[in-house]
Amino acid sequence: MLRRGYSNMNKLLLILFCAVALAACSSDTDPGGSGDLKGTVDIKQLTAGDWPVSVSDGVSTVEVPFSNAVPESALAAEVDPGAEIAGAVFLNVKSDETGATANLTDGELVDGDPTGPGEFTWELNDARDLATLTFWNATGEGLTLKTDRTYTAQIAITKNDFIDTLLATNVTLQPE
């Protein structure tokens, strides 16, 4: 009888070990199966101080740094990183002065530089540790970012194959 209890205990430990091992196989690996982690937004850097936005001649840029670069294997040769980022990253901006809000990624994704209201692009640098959002500094409703104001931005990343998800996180934006 004691022997049987020991056998059941071993089975229970084996099942528990397998469950823990399966849980450790997270969805944070790339779809190609190489085991590389997904890119991770460097939220500490974004929340450490004012998150700058460069405003110049109607076109503005904001950079999203990654603490863990997007693995090269996560982006197949035929995949457009800008389109993949555009489908996953949401950036809502609220004026701390007026309360007006705009989603900088809710418009038209274009090739090349934006030339009109609502147009934007995403670009991943060669090291894949920085994504740059370039957008026309005006919405269809006429809202613009001004350099003499601060804004609260809410960044979120939905489930995708190459960047870890990120629950909505508020950070300060300061246009320059």
Do you reckon [X] sits in the same ILVMFWY cluster as [Y], going by side-chain contacts under 4.5 Å, direct or chained?
X      : Y      : value
Ile43  : Leu173 : yes
Trp122 : Val110 : no
Leu124 : Phe90  : no
Leu46  : Leu130 : no

Closer than 3.5 angstrom, by distance alone: can the side chain of [X] be matched with the main-chain N or O of [Y] as a donor-acceptor pair?
X      : Y      : answer
Trp51  : Thr152 : no
Asn137 : Ser56  : no
Asn160 : Thr158 : yes
Lys94  : Gln154 : no
Gln174 : Thr147 : yes
Asn68  : Lys38  : yes

message: Just to verify, which of Val64, Leu91, Val41 counts as forming a side-chain contact (heavy atoms from CB on, under 4.5 Å) with Ile157?
response: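 Answer after filtering Val64, Leu91, Val41: Val41.
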Reported [atom1]-to-[atom2] distance for the pair [X] and [Y], which is rounded to 0.5 angstrom:
X      : Y      : atom1 : atom2 : value
Thr121 : Ile85  : OG1   : CD1   : 10.0 Å
Leu145 : Thr150 : CG    : OG1   : 11.0 Å
Leu133 : Ile155 : CG    : CD1   : 9.5 Å
Ile163 : Glu84  : CD1   : CD    : 9.5 Å
Leu143 : Thr101 : CG    : OG1   : 7.5 Å

message: Show every salt bridge (Lys or Arg N to Asp or Glu O under 4.0 Å) that has at least one partner inside residues 135-158, sequence neighbours left out.
response: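 Checked against salt bridge (Lys or Arg N to Asp or Glu O under 4.0 Å) - neighbours excluded - the pairs reaching residues 135-158 are Glu97-Arg149.
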- prompt: Is any side-chain heavy atom of Asn125 closer than 4.5 Å to a side-chain heavy atom of Phe66?
  reply: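 Counting from C-beta outward, Asn125 and Phe66 never come under 4.5 Å.
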query: Side chains of Thr134 and Phe120: closer than 4.5 Å at any heavy-atom pair?
result: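 SC-SC contact between Thr134 and Phe120 ruled out.
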- request: Each residue besides Trp136 in its hydrophobic cluster should be listed here, by chain and number; the cluster joins Ile, Leu, Val, Met, Phe, Trp and Tyr at side-chain heavy-atom distances under 4.5 Å.
  value: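 Members alongside Trp136: Val59.
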For a quick test of reading the model, state the closest non-hydrogen atom pair linking [X] to [Y] and the distance between them.
X      : Y      : result
Ala127 : Ala69  : O-CB, 3.7 Å
Ala83  : Leu109 : CA-CD2, 3.7 Å
Pro117 : Gly140 : CB-N, 3.9 Å
Pro114 : Phe135 : CG-CA, 3.9 Å

With sequence neighbours excluded, residues passing side chain to side chain donor-acceptor pair (under 3.5 Å) with Thr172: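 By the side chain to side chain donor-acceptor pair (under 3.5 Å) rule, Thr172 matches no residue at all.
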- prompt: Should we count CD of Glu123 as having more than 12 external heavy atoms under 6.0 Å?
  reply: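 No, because the 6.0 Å sphere around CD of Glu123 holds 12 heavy atoms or fewer from other groups.
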